[in-house]
Amino acid sequence: MAATRKNRDLTQGPVFGHLMRMVIPMSFGIVAMMLVGIVDAYWVGRLGTVEQAAVQFVFPVSMAVMSIAIGLGAGAVSVVARAAGRGDGERTKRVATDAVVLALIVTAITSGLGMIFIEPVFRLMGATDAMMPHVRDYMLIWFAGIIFMVGPMIASNILRALGDAILPSLIMIIAAVLNMILDPILIFGLGPIPAMEVQGAALATLISNMVVFIIAMWIMIFREKIIDLSWPGFSEMLWNWREVARIGAPAAGSNMINPIAMTLVFAAAARFGEPVVAGFGVAGRVEALALIPLFALSGSIGAITGQNGGAGQVTRVREAFRSAFLFCVGWGAAMAVVLALLAYPLAWLFLPSEEAREMARLTWWIAPVTMGGYGIAMAASAGFNGLGRPLLGVAINLMRGFGLLVPLVWLGSTLFGPAGLISGYALTNVVAGVVIAFLVLRYAPMTALESKARRPVVPPTQAAKAGAPVRPGE
């Protein structure tokens with residue numbers, strides 16, 4: 001196993017090669033997870049409009065909860081990758097274990113609170129009397145099972161932090177395939193299995209995630225031997241939890257900035273009527289498919305910057321950012337050509353009205369040319385999370401979302417209508433990409449930032465064993 005891990009050492013070999021080795025399989029995993037949402041919506045839609053509306057209605061809440069898991073995952077990647085980059089095997093096992101424990105505890109608390117407050121939260125959001133029984137049926141199972149969703153996510157992030165690109169993607173794909181197989185069986189029934197309707201959709205998600213949770217934990221404990229089941233003591237465990245939370249809490253908040261900003265963008269679009277909203281929304285969903293490799297890049301770069309930052313290899317950290325930015329520009333340019341050429345058939349396929357089609361075509365002709373800038377913002381933010389500098393990532397997303405996107409979209413749409421809205425969106429990506437790339441490559445720190453609470457790097461229990469002095473209170 002040591003030899004296998006050495007082959008995944010991200011502090012050696014070509015940096016761009018490591019990026020692509022991790023991005024490609026992760027892209028397939030993201031595609032699989034996106035397909036789950038489409039298949040879910042299809043089968044639930046066959047139950048009826050109320051059921052479909054109820055399941056779609058839970059999306060904002062589920063995304064908010066999953067943002068917590070995404071933040072914890074970013075924290076896990078950062079602490080594990082930096083420890084692995086330093087070549088500290090014992091420290092790597094300890095922080096990986098404590099990251100998993102923290103994630104499970106936070107998830108259990110969230111699960112309990114979520115089940116208690118289903119009724120008031122969704123009533124506050126505007127759920128109707130007809131929707132509430134279906135919302136309750138779905139969310140009770142969803143909240144009960146989120147520990148099985150978060151567990152594989154954290155395990156995948158830890159494996160990725162160690163340089164493993166394949167297993168995390170396989171975990172995502174297995175979960176997606178199982179979910180898609182179970183959906184129609186549990187929703188409509190088959191043989192002795194009764195039809196459970198909306199509850200069946202939630203149960204399909206729970207069962208598929210439970211299976212991959214078991215697989216992920218087996219891999220972590222027995223194959224990778226990265227889980228340390230010994231008791232570290234409260235002091236050391238809390239120390240590691242603080243370090244995970246130092247990255248995870250800002251990362252979770254940062255992850256919510258773009259959805260909130262896009263809500264305000266759609267509010268600007270709504271002033272021009274439903275066809276404009278529909279055309280812009282459909283164009284954005286298709287563009288999201290083109291962005292999958294850039295999403296995968298943002299999920300991969302933290303492991304590379306983290307390991308190399310932990311190893312003190314500043315030049316390789318800078319090369320990781322440079323390579324990622326160039327990939328974003330190249331991929332964005334290629335996808336811009338593809339979407340521009342397909343604008344007419346795609347608009348005809350997805351949209352019924354000519355006004356909505358015109359809006360979608362205009363979006364595909366203008367916005368994708370600049371998607372590389374959006375990718376640069378995502379990659380830079382994730383890369384700084386890996387270095388243990390999450391506040392730089394928050395600053396990047398705040399600058400793009402509220403410093404540029406919202407003002408430019410509202411100004412453009414006010415002055416020039418729907419075309420100005422799209423132009424404001426595109427201008428945001430251009431300005432953000434250029435400014436972020438320049439500042440990151442020219443001025444940003446490329447060293448890993450360790451928690452100020454931890455001096456020296458060796459944890460207290462290990463320092464005591466080695467005979468090193470331990471400060472009072474540690």
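On a predicted model such as this, the values are computed, not experimentally measured, just so you know.
When every heavy atom of P418 is checked against every heavy atom of M359, the shortest pair comes out as CB-SD, 3.7 Å. For the residue pair V44 and A201, the shortest heavy atom distance occurs at CG2-CB, 3.9 Å. A pairwise comparison of heavy atoms in N258 and R400 identifies OD1-NH1, 3.0 Å as the closest pair. Heavy-atom minimum distance, L206 versus G145: CD1-CA, 3.7 Å. Taking all atoms of both residues into account, the shortest heavy-atom contact from A83 to R91 is CB-CG, 3.8 Å. I68 and A252 make their closest contact through CA-CB, 4.3 Å (heavy atoms, listed as atom of the first residue, atom of the second, distance).
Summarising the geometry, atom CG belonging to L289 is positioned 11.0 Å from atom CE belonging to M335; distances are rounded to the nearest 0.5 Å. Here I396 contributes atom CD1 and L391 contributes atom CG; the two are 11.5 Å apart, rounded to the nearest 0.5 Å. L297 CG to C328 SG: the interatomic distance, rounded to the nearest 0.5 Å, is 5.0 Å. Distance check: I247 CD1 to L387 CG gives 9.5 Å after rounding to the nearest 0.5 Å. Atoms OG and CZ, from S208 and F213 in turn, are 13.5 Å apart once rounded to the nearest 0.5 Å. In this structure, the separation between CG on L167 and CD1 on I219 is 4.5 Å, given to the nearest 0.5 Å.
When atom types are taken as modelled, the side chain of S111 and the backbone of F143 share a donor-acceptor pair closer than 3.5 angstrom. In this structure a side-chain-to-backbone donor-acceptor pair under 3.5 Å is present from R21 to G163. Looking only at distances, no side-chain donor or acceptor of W218 sits under 3.5 Å from a matching main-chain atom of R223. With hydrogens and angles disregarded, a donor-acceptor distance shorter than 3.5 Å links the side chain of W410 to the backbone of L264. Distance alone, capped at 3.5 Å, places no donor-acceptor pair between the T107 side chain and the I147 backbone. Checking side-chain atoms of Q307 against main-chain N and O of A161 turns up a donor-acceptor pair under 3.5 Å. Side chain of T263 to backbone of P259: a donor-acceptor contact under 3.5 angstrom is found. No donor-acceptor pair under 3.5 Å is formed between the side chain of S78 and the backbone N or O of A74. Checking side-chain atoms of S353 against main-chain N and O of P275 turns up no donor-acceptor pair under 3.5 Å. Checking side-chain atoms of S381 against main-chain N and O of A377 turns up no donor-acceptor pair under 3.5 Å.
Using a 4.5 Å cut-off on side-chain heavy atoms (C-beta onward), R271 and S413 make contact. Between V177 and V36, every side-chain heavy-atom pair lies at or beyond the 4.5 Å cut-off. A heavy-atom distance below 4.5 Å is found between the side chains of F28 and I173. Considering only heavy atoms from C-beta on, P368 comes within 4.5 Å of E287 through its side chain. With contacts defined as side-chain heavy-atom distances shorter than 4.5 Å, the pair I187/M196 does not qualify. Considering only heavy atoms from C-beta on, M153 stays 4.5 Å or farther from L72 through its side chain. Looking only at side-chain heavy atoms (C-beta outward), N240 and V79 stay at 4.5 Å or farther from each other. Under the 4.5 Å side-chain criterion, counting only non-hydrogen atoms from C-beta, M131 is not in contact with E51.
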Side chain to side chain contact (heavy atoms under 4.5 Å, CB included) assessment of V282 paired with T363: CA-CA 10 Å; V282 166; T363 303; over 6 Å; no

The test is side chain to side chain donor-acceptor pair (under 3.5 Å); show your working for S254 and N397 and say whether it passes. CA-CA 6 Å; S254 182; N397 286 325; 2.4 Å; yes

Starting from the C-alpha separation in whole Å, work towards a yes-or-no answer on side chain to side chain contact (heavy atoms under 4.5 Å, CB included) for L104 and V150. CA-CA 8 Å; L104 296 182; V150 173; 5.7 Å; no

Kindly indicate, with the supporting measurements, whether the criterion side chain to side chain contact (heavy atoms under 4.5 Å, CB included) is fulfilled by E119 and R123. CA-CA 6 Å; E119 184 83 21; R123 288 291 187 188; 3.0 Å; yes

Verdict with supporting geometry, E197 and F188, side chain to side chain contact (heavy atoms under 4.5 Å, CB included): CA-CA 6 Å; E197 300 188 344; F188 301 105; over 6 Å; no

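Taking the six-membered ring where tryptophan is involved, the planes of Y344 and W365 are tilted, since the angle between them lies from 30° to 60°. The aromatic rings of F327 and W331 lie parallel to each other, their planes meeting at an angle below 30°, with 60° marking the opposite boundary.
For F117, the CZ atom is loosely surrounded, since the number of other residues' heavy atoms within 6.0 Å does not exceed 12.
Here R246 pairs with E243 in a salt bridge; the nearest charged N to carboxylate O distance falls below 4.0 Å. A salt bridge links E354 with R361: the distance from a Lys NZ or Arg NE/NH1/NH2 to an Asp or Glu carboxylate oxygen falls below 4.0 Å. The pair K93-D98 fails the salt-bridge criterion, with no side-chain N (NZ, NE, NH1 or NH2) lying under 4.0 Å from an Asp/Glu carboxylate O.
Side chain to side chain, T205 and N179 meet the donor-acceptor criterion of an N or O pair below 3.5 Å.
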